[in-house]
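Here's the structure, in structure tokens; my notes come after.
Numbers restart at 1 for each chain; the letters A, B, ... are given by sequence-line order, proteins then strands.
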Number of protein chains: 2
Amino acid sequence: MNLPPLVQAFVLHFGEMGSRWGINRTVGQIYALLYVAPDPLNAEQIVDALGVSRSNVSMGLKELQAWNLAIPKHIPNDRRDHFTTPDDVWQILRTLAEERKKREVDPTLSVLRELLMQSPGSAEERHAQQRMAEMHGLIEQLTTWYDDVKRLETERLASLLALGARVTRLLDTKDKVIGLMRGRASPGKEG
Amino acid sequence: MNLPPLVQAFVLHFGEMGSRWGINRTVGQIYALLYVAPDPLNAEQIVDALGVSRSNVSMGLKELQAWNLAIPKHIPNDRRDHFTTPDDVWQILRTLAEERKKREVDPTLSVLRELLMQSPGSAEERHAQQRMAEMHGLIEQLTTWYDDVKRLETERLASLLALGARVTRLLDTKDKVIGLMRGRASPGKEG
DNA sequence: CCGACATTTCAGGAATTTCTGAAATATCGG
DNA sequence: CCGATATTTCAGAAATTCCTGAAATGTCGG
């Protein structure tokens with residue numbers, strides 16, 4: 001690996017964290033490298049930069065594409081595929097959330113649904129189903145919220161984040177304000 | 001493994017998902033088993049239920065305790081340790097978020113901070129640092145929001161979730177309402 | 001302190017995942 | 001269709017992670 005020290009440190013870190021994030025070292029490194037590269041890179045350049053085999057890079061790129069975290073950029077008069085990461089970090093966040101949900105949450109949700117359909121054959125099973133129902137309810141609430149929020153454009157999402165927990169204070173205030181307003185002006189529908 | 005079919009299906013699913021969640025099969029299965037069990041279980045019972053070795057259960061329980069996902073419950077007149085999962089699913093969510101942040105996000109944040117302190121030695125490094133700064137900014141915003149929200153008690157958290165993206169509609173409304181209210185009543189400080 | 005039982009540690013074997021090099025396949029200009 | 005170049009596939013090697021059984025350690029009542 002022969003990279004500027006700053007880049008190398010970043011790449012190595014992503015490689016190490018890879019295992020905690022459920023991706024392997026090479027995939028983490030490729031992602032990090034593409035993320036900080038000023039221009040799209042082709043497979044050969046990645047091989048040179050990371051010192052791993054060509055086939056490993058090929059598989060890594062495939063996986064990153066499956067995650068929508070590497071996108072091929074065609075460069076005129078060059079047969080080789082070049083890759084970048086999406087440049088808007090908020091978009092990356094969305095992508096990550098979406099893919100993780102698909103892989104880590106949805107399967108469980110569907111198993112839970114299935115198990116909740118069955119009729120329990122014992123007190124033990126009845127209790128287990130009760131617990132599964134709690135888990136199902138929580139996950140469903142979370143995914144509903146997520147489906148809702150993921151449609152927000154970046155600017156609104158950012159302001160929502162910035163607001164943080166103060167939003168609940170706003171909720172309290174809202175009720176009071178509506179009380180005051182009632183019968184005076186039209187504050188709009190408020191659920 | 002000799003469990004009621006419903007429980008067995010649940011346990012097996014968690015075992016399979018384990019690898020996607022960054023835990024191993026046994027740990028996933030132990031968690032699932034404890035989660036649906038009507039009473040705390042001791043290690044021997046887990047061994048019998050799952051058909052894995054005693055030592056494996058011991059290590060699995062240790063890991064779950066490190067995650068705060070298994071808690072020892074002392075049972076009077078019984079020397080053996082018994083374990084349950086926290087029973088409030090919202091609490092489990094908090095715990096999970098906290099632990100994942102600690103393991104998956106914080107290390108990256110600190111590496112980014114460190115790399116951003118250094119002065120770039122080339123245009124390439126300068127660009128890399130720029131990208132790192134974007135990532136750092138995003139992560140910092142997310143963790144600030146998270147630190148903010150995690151303090152909410154369950155009820156408020158739930159209502160925040162239920163509100164979903166409509167909260168931004170509320171933000172728009174807020175400004176209009178405050179405009180209308182101005183000079184008529186005290187709507188309270190609103191940032 | 002002893003004996004009975006409970007738990008943890010850990011070396012090494014088993015299972016799984018990752019990585020490589022070689023071969024196969026694909027794509028292009030001519 | 002050919003030769004040059006780019007990419008993918010895949011069997012097995014390498015590395016890593018997981019799991020077990022045996023031994024060590026801890027803890028209790030007496």
Nucleotide [N], atom [atom2] - distance to [atom1] of [X] in whole Å:
X       : N      : atom1 : atom2 : value
B/Leu41 : C/dT7  : CG    : C1'   : 17 Å
B/Arg20 : C/dT17 : CZ    : C1'   : 15 Å
B/His82 : C/dT7  : NE2   : C1'   : 14 Å
A/Ile46 : C/dC19 : CD1   : P     : 14 Å
A/Ile30 : D/dT7  : CD1   : P     : 13 Å
A/Leu61 : C/dT18 : CG    : P     : 16 Å
B/Leu64 : C/dT8  : CG    : C1'   : 16 Å
A/Glu16 : D/dT17 : CD    : P     : 12 Å

What's [X] touching, base or sugar-phosphate or nothing? Going by heavy atoms closer than 4.0 Å.
X       : result
A/Arg80 : sugar-phosphate
B/Asn42 : nothing
B/Ser19 : nothing
A/Asn24 : sugar-phosphate

message: Should the side chain of B/Ser53 and the base of D/dG21 be counted as holding a donor-acceptor pair, with the cut-off at 3.5 Å?
response: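 Per atom types, no contact qualifies.
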task: Might you confirm whether atom CD of A/Glu153 has over 12 heavy atoms from other residues, nucleotides or ligands at distances under 6.0 Å?
output: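 Yes, CD of A/Glu153 has more than 12 neighbouring heavy atoms, counting only those of other groups under 6.0 Å.
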query: Should we count CD of A/Glu114 as having more than 12 external heavy atoms under 6.0 Å?
result: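 No, not enclosed.
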- prompt: In terms of the nearest nucleotide of DNA chain D, which residue is placed more toward the 5' end: B/Thr26 or A/Asp81?
  reply: A/Asp81
field: Residue whose closest nucleotide on DNA chain D lies nearer the 5' end, A/Asp78 versus A/Arg25
entry: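 The answer here is A/Asp78.
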query: Side chain of B/Ser55: nearest nucleotide among D/dA6, C/dA4, D/dA22?
result: D/dA22
- request: Side chain of A/Ser58 only, please: which of C/dC10, D/dG26, D/dT7 is the nearest?
  value: D/dT7
message: Between B/Lys102 and B/Glu99, does any side-chain N to carboxylate O distance fall below 4.0 Å?
response: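 Between B/Glu99 and B/Lys102 there is a salt bridge, with a charged N closer than 4.0 Å to a carboxylate O.
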message: Counting only side-chain nitrogens and oxygens, does B/Arg54 get under 4.0 Å of the OP1 or OP2 atom of D/dA22?
response: no
field: Phosphate OP1/OP2 of D/dT7: any A/Lys62 side-chain N/O under 4.0 Å
entry: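 False: A/Lys62 side-chain N/O out of range (4.0 Å or more) of D/dT7 OP1/OP2.
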message: Can you confirm if the NZ or CZ of A/Arg103 lies within 45° of the ring axis of A/Trp67 and under 6.0 Å from the centre of its six-membered ring?
response: yes
query: Between A/Asn56 and A/Thr26, do the side chains contain an N or O donor and an N or O acceptor separated by less than 3.5 Å?
result: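 Result is yes, a qualifying pair exists.
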